[in-house]
Amino acid sequence: MCGIVAAAAQRDVAPLLIVGLKALEYRGYDSAGLAVLEGGEVHRVRAKGKVREMEALYQANPFPGGTGIAHTRWATHGVPNEANAHPHVAGRVALVHNGIIENYAALRAQLQKNGHVFTSETDTEVIAALVDHHISKGMPLRDAVLATVRGLEGAYAIAVISRDEPGRVVGARRGAPLLVGVGIGENFLGSDAQALIQVTNKIIYLDEDDVVEITRDSLQIYTLDGKPAERTLHESELSADAVERGEYRHYMQKEIFEQPRAVADTLEARIGPNGILPNIFGAGGEELLAKVKGIHIIACGTSYHAGMVAKYWIEEYARLPVSVEVASEYRYREAVVPEGTLFTAISQSGETADTLAAMRESRRRGYIGTLAICNVPESSVVREADVKLMTRAGPEIGVASTKAFTTQLTALALLTLHLAKQQGLDSKRYNDLCSQLQHLPRAIEDALKFEPEIVELAGRFILRHHALFLGRGAHYPVALEGSLKLKEISYIHAEAYPAGELKHGPLALVDEDMPVVAVAPNGPLLDKLKSNLQEVRARGGELIVFADTAAHIDGNATRGSILRIDAGGEFIAPAVFTVPLQLLAYHVAVLRGTDVDQPRNLAKSVTVE
Ligand code: G6P
């Protein structure tokens, strides 16, 4: 999704802006650009494609200047090309924008009537034109931005410079993140702390509707009515190293292998020899959970799959009803909220537009409160939730989510056990589940050792166009997640079904060209799954089975391959079986030569609807 970096400094900022944009590449984008003020002129360079392509143009024709704005664009209004790339220039103003302006068509028509000629198809150019229009009426840049954003509907984070005010950048946000990086003798704006960490770790997160003005030695925040405002300065714990790829070929591979550590971090100081520790949900958490009679989980993408696993867990062990829904559906329908229901948002980034909007919508629907399960402490979802349980995955750069998913499962397992105890699960079972959860980092580490076997299996997918994934119970969402990973990064069409649904449709697709990947944990549903596998085998389908070492599956009974993995117990098995599916998708994508960390058309953080 779009990214913003801006700087006001004494030194030349274009190289800093390029470094910042590169740190944002993981978010997904399709064009990039930057503009710098120098000698009363705006110098601009933009290019379709990667930041390095824009950088090459800049290197061929570099320009100095200590004030600048830069952007990576993920196309919404208008195709990805140079004309639609940001910064957009109107008169004396250059501007970058994340988000979507909903009333842009009316604003654009009005500006055109007044004689403004647009050079792009974007909603962003309308904002630039409005700011320039207000300046032409005599307003300073800051007031022009305030006047402009008051008339905007939709979501925005913007950064603006004006030829008339060298040394100054004005930013504003509503519904899309923007933060200030405070340096020594220089200040910055960014859409994400990652963009600024190379230059400063002192970060101020702007509130909704804030407007900010920076120069190299001053910084002032205003509310929408133009009154000065104070916001807290944070020291970010992000390190530039955390986003280094190290010995790994791709971020995704690195992040898959970081999972034992990330899961252990998520468990740390939250579970002990006697079970779940007190106060893991922070202030007011236990009081809120004590009132819970049911849970609505809302999320998108991979986070939604984590929520689906939690439904199986919480209903089985805590005997509380759980519903799980994708945020884009939930926010626009009238969900029934029974008394005592807790709203739970799951989000890696904490900035996903639909999840955030659903959470805001939930406020008027009569929940007892909101819980956020999230990976980014200062994100909007976390800041707006009543209580939170942070995943501690560290920065996730690969667009295809991996360690965020298993740490979400870990946090949800902690929630399940807290509720199970509260609801009176018998202590023997409770203790067994707790010790399984403590074993999870180790079980994932063991599963990672199958990488060489999985590389072999991946070879069978190179020329395939389709794949089916099957699972039952809590492994149905694991199958969904496995198929999502494969389609996201290898572009193979993959679908997942609860194995029992096979004969109600997808079996018609099964022939020798259709690989069928099945997850076969040990448990009461194993025999049923075995019959489903026979159905595939009888149609000549090629089976790839990830089975628990404790599950009795005859290797000869499958036409294809069986990989036996120690799942470490029924409770944690969904998290463990996720790992070979991630590795499979990863190695298929590597063999097919796709852009693994930045798959086409996708974005890491979807901050528009
Ligand atoms: C995007 C990402 C997915 C992610 C989803 C939800 O689509 O590409 O990997 O699962 O957004 O993101 P969130 O940050 O809310 O978990």
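Because the structure is predicted, anything quoted here is derived from the model rather than measured. Counting starts at 1 for both ligands and their atoms, following the listed order. Only heavy atoms go into these numbers, but all of them, side chains included; no hydrogens, no water, no symmetry mates.
Protein residues lining ligand 1, listed by chain and number: Cys300, Gly301, Thr302, Ser303, Ser347, Gln348, Ser349, Thr352, Val399, Ser401, Ala603, Lys604, Val606 [non-hydrogen atoms, distance under 4.0 Å].
Between Lys403 and Asp265 there is no salt bridge, since no side-chain N of the basic residue sits under 4.0 Å from a carboxylate O of the acidic one. With respect to Lys22 and Glu55, a salt bridge is recorded, a charged nitrogen being found less than 4.0 Å from a carboxylate O. Remark: Arg331 engages Asp354 in a salt bridge, criterion side-chain N to carboxylate O under 4.0 Å.
You'll find the ring centres of Phe405 and His305 outside the 6.0 Å limit.
Taking the side chain as every heavy atom from C-beta outward, His418 and Leu289 approach each other to under 4.5 Å.
Relative to the ring axis of Tyr330, Arg365 places its NZ or CZ within 45° and under 6.0 Å from the centre.
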